[in-house]
Amino acid sequence: KLLNHRRHKMWAYVCLTTTYSLAGREAEARALAAEALNIDPKLSIEYFIKPLPYKDQAYKQSLIDALRKAGLK
């Protein structure tokens with residue numbers, strides 16, 4: 001049920017995209033990023049990164065870099 005809700009589905013796509021990108025699975029990360037952008041063309045990295053509670057800026061930056069590598073902006 002959680003994945004049927006649009007906002008939660010987007011979080012799932014972004015989390016999987018990040019995971020695949022960090023794992024070096026670029027093709028799968030790009031495919032998921034493309035699916036997410038098809039659902040919401042206005043999707044941005046900032047939308048997902050901003051509310052995260054992580055204080056470690058280096059960790060946040062690694063997530064941003066992984067999402068950029070997958071094709072999100």
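This structure is a prediction, so every number in the text was calculated from the model and none was measured.
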Peer 1: According to ring-ring contact (aromatic ring centres under 6.0 Å, His included), does anything in residues 24-44 pair up with another residue at least two apart or in another chain? List the pairs.
Peer 2: none
Peer 1: Any chance you could lay out the side chain to side chain contact (heavy atoms under 4.5 Å, CB included) test for F48 and L72, step after step, and finish with the verdict?
Peer 2: CA-CA 11 Å; F48 289 97; L72 294 177; over 6 Å; no
Peer 1: Which side-chain N or O atoms in residues 23-31 pair as donor and acceptor under 3.5 Å with protein atoms at least two apart or in another chain?
Peer 2:
residue	atom	partner	partner atom	Å
R25	NE	E28	OE1	2.8
R25	NE	E28	OE2	3.4
R25	NH2	E28	OE2	2.7
E26	OE2	K69	NZ	3.0
R30	NH2	K69	O	3.0

Peer 1: Let me confirm one number: the OH-CG distance from Y20 to L32, rounded to the nearest 0.5 Å.
Peer 2: 6.0 Å
Peer 1: Return the OH to CD1 distance between Y54 and I49, rounded to the nearest 0.5 Å.
Peer 2: 9.0 Å
Peer 1: Suppose we screen for side chain to side chain contact (heavy atoms under 4.5 Å, CB included). Which residues come up paired with S44, at least two apart in sequence or across chains?
Peer 2: E46, Y47
Peer 1: For the pair I45 and K73, evaluate side chain to side chain contact (heavy atoms under 4.5 Å, CB included) and give the outcome as yes or no after the intermediate values.
Peer 2: CA-CA 6 Å; I45 292 172; K73 296 179 183 181; 5.6 Å; no
Peer 1: Which ring-ring contact (aromatic ring centres under 6.0 Å, His included) pairs, counting each pair once, include a residue from residues 26-45, with sequence neighbours left out?
Peer 2: none
Peer 1: How would you list all residue pairs meeting ring-ring contact (aromatic ring centres under 6.0 Å, His included) that involve residues 27-46, not counting sequence neighbours?
Peer 2: none
Peer 1: Mind listing the side-chain donor-acceptor pairs of residues 57-66 below 3.5 Å, one per line with the distance, residues two or more places apart or on another chain?
Peer 2:
residue	atom	partner	partner atom	Å
Q61	NE2	D65	OD1	2.8
S62	OG	Y59	O	2.6

Peer 1: May I ask you to test the D40-M10 pair for a side-chain heavy-atom distance under 4.5 Å?
Peer 2: yes
Peer 1: Restricting to non-hydrogen atoms, name the atom on G71 and the atom on L37 that form the minimum distance, rounded to 0.1 Å.
Peer 2: O-CD1, 4.3 Å
Peer 1: Report yes or no: does T17 contribute a side-chain atom to a donor-acceptor pair with the main-chain N or O of Y13 at less than 3.5 Å?
Peer 2: yes
